[in-house]
Amino acid sequence: MTQQMRVRRSPTVVVIFMTEIGLVLGMIGGMVERTAVTVFGTAVLLAIFGAYERVLKHNHALMSGLLAGGFIGLVVSFFGYLLGGNVTNLLNGTLFGLLRGIIVGAVVGGITRAQPDEGDPWYTAVFLLLGSLFIGAVLGASVGLISGFVLGLVRWHSWGIWLGMVMGAVVGGYLGSYLRQTRAVVIGVAAGVLITLVGSVIGGAAAGVVLGLVSGALAPMLLVALIGAMGGLTSRGVKAMFIEAAEAPAEMLRQGAFPFLAPAVIVGIIVGTAASGVGGLIALPICLAILGIFLAVFSEVDGRIASTLTARTLVEMVILGADDLPIMAVPQKLRGGNGRTAVIGALFGLVLGGLSASAGAWLIQQLMQLL
């Protein structure tokens, strides 16, 4: 039996899998009384899954990636919800993001910790573990600090939305510069402004995801801009400081966007969804499940087929293996001869996701009424 036959599930199994995912997410959304956002988010999730499931040769990795990402999101969002806290102004927003950034960073540092060599004494292993936890906590804290500040600013005063739109424009413009086309930069700026505005107006979990994404992406950009500014100031003066600060983020993206942005964006989304309250219990699992799908696609496009993706595998791919992930090859997988097949799969997933999530929400509400 070939490798392809061993790792590809039958269409019936895939449909059952998608239905179960929709029912489970719908039940969670029904329990936290966020049915509308759950149905919409599940439909989008399974539309993406359906599109790639039709065009990839190895759908087992795709299914396990969705499950692993969703599981991580559910666990993280649950513990974040237990921590509690509200974001209403700059101070509590900053502290809110800082705490969660430290926790997430430390957990990631522990998962990806440096391993001692064989024969090293026990205290070397302890030192490496503590060092990995500390470095992860510091990096997570920097992103959480910025994300919490942005969220606090938006929640604190109405004009904070305008600043959020400016930040969205900056992030979108720099992401557009990755393609080195003026048109892409303009589209990126417009998209950043629009997405941030819509997310801020809608509020709730949607705002948490959008503002967390923007602030998370902004964190490494600000860091490299600061480094560039200091280098320009010390070498060529004040004028060079501003030039280097403006050019540094674009240069960072051209050298490879994913390894810089992915960990920061994930931390930002975690902070943002946690700030949205109970809605984060459904928003974060869906977001990280989508990430798990994309990482499964990366693994096939890059030729690194794994029969199963686990939580540790996903974290290691984002943190350790992100420098060579074929980012642009992922959307291209849906183009060309695969376009029609992908569209059919996306439409099927969209409909099935909406119906199964609605059914799950209805079922859990009926059970809650009986109890």
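The structure presented is a predicted model; accordingly, all values stated were derived computationally and were not measured. We're numbering straight along the sequence, starting at 1.
- Between the CE atom of Met31 and the CD1 atom of Ile282 there is a distance of 9.0 Å, given to the nearest 0.5 Å.
- Of the possible polar contacts, none joining the Thr196 side chain to the Val193 backbone as a donor-acceptor pair under 3.5 Å is found.
- Minimum heavy-atom separation, Thr35 to Ala361: CG2-CB, 3.7 Å.
- When side chains are defined from C-beta on, Phe348 does not count as touching Val351, because their heavy atoms never get closer than 4.5 Å.
- If you take CD1 on Ile48 and CG on Leu66, they are separated by 10.0 Å, rounding to the nearest 0.5 Å.
- A continuous path of ILVMFWY side-chain contacts below 4.5 Å connects Leu74 to Met63, so both sit in one hydrophobic cluster.
- In terms of heavy-atom proximity, Ala43 sits nearest to Gly354 at CB-N, 3.9 Å.
- Summarising the local packing, CD of Gln366 is surrounded by more than 12 heavy atoms from other residues, nucleotides or ligands at distances under 6.0 Å.
- Hydrophobic clustering, with ILVMFWY side chains joined whenever heavy atoms are under 4.5 angstrom apart, keeps Val214 apart from Ile187.
- Looking at Val185 and Tyr174, their side chains never come closer than 4.5 Å, going by heavy atoms from C-beta outward.
- Tracing side-chain contacts under 4.5 Å through hydrophobic residues (I, L, V, M, F, W, Y), one reaches Val170 starting from Phe149; they form part of the same cluster.
- Because its NZ or CZ atom is not both nearer than 6.0 Å to the ring centre of Tyr52 and within 45° of the ring axis, Arg54 does not count as a cation-pi partner of that residue.
- Taking the side chain as every heavy atom from C-beta outward, Leu350 and Leu46 never approach each other to under 4.5 Å.
- Following chains of ILVMFWY side-chain contacts shorter than 4.5 Å, one cannot reach Val39 starting from Leu45, and the two form parts of different hydrophobic clusters.
- Closest approach of Ser356 to Leu352, counting heavy atoms only: OG-O, 2.7 Å.
- In this structure, Thr12 OG1 and Phe17 CZ are separated by 15.0 Å, a value rounded to the nearest 0.5 Å.
- Under the 4.5 Å side-chain contact rule for hydrophobic residues, Val209 and Val267 do not share a cluster.
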Carefully, step by step, assess Leu284 and Ile72 under the rule side chain to side chain contact (heavy atoms under 4.5 Å, CB included).
CA-CA 9 Å; Leu284 187 60; Ile72 295 173; over 6 Å; no
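- Within the 4.5 Å cutoff, no side-chain heavy atoms of Leu222 are placed close to those of Leu226.
- Rounding to the nearest 0.5 angstrom, the gap separating the CE atom in Met230 from the CD atom in Glu244 is 13.0 Å.
- In this structure, the separation between CG on Leu99 and OG1 on Thr94 is 12.5 Å, given to the nearest 0.5 Å.
- Proximity of Leu288 to Val76: side-chain heavy atoms (C-beta onward) are nowhere separated by under 4.5 Å.
- The closest side-chain heavy-atom distance from Phe49 to Val14 is below 4.5 Å.
- Shortest non-hydrogen contact noted between Gly232 and Ala240 is O-CB, 3.7 Å.
- Looking at every heavy atom in both residues, Val189 comes nearest to Ala169 through CG2-O, 3.7 Å.
- Ile28 places none of its side-chain heavy atoms less than 4.5 Å from the side chain of Thr38.
- Of the inter-residue distances, the one linking Ile286 atom CD1 with Leu281 atom CG reads 11.5 Å to the nearest 0.5 angstrom.
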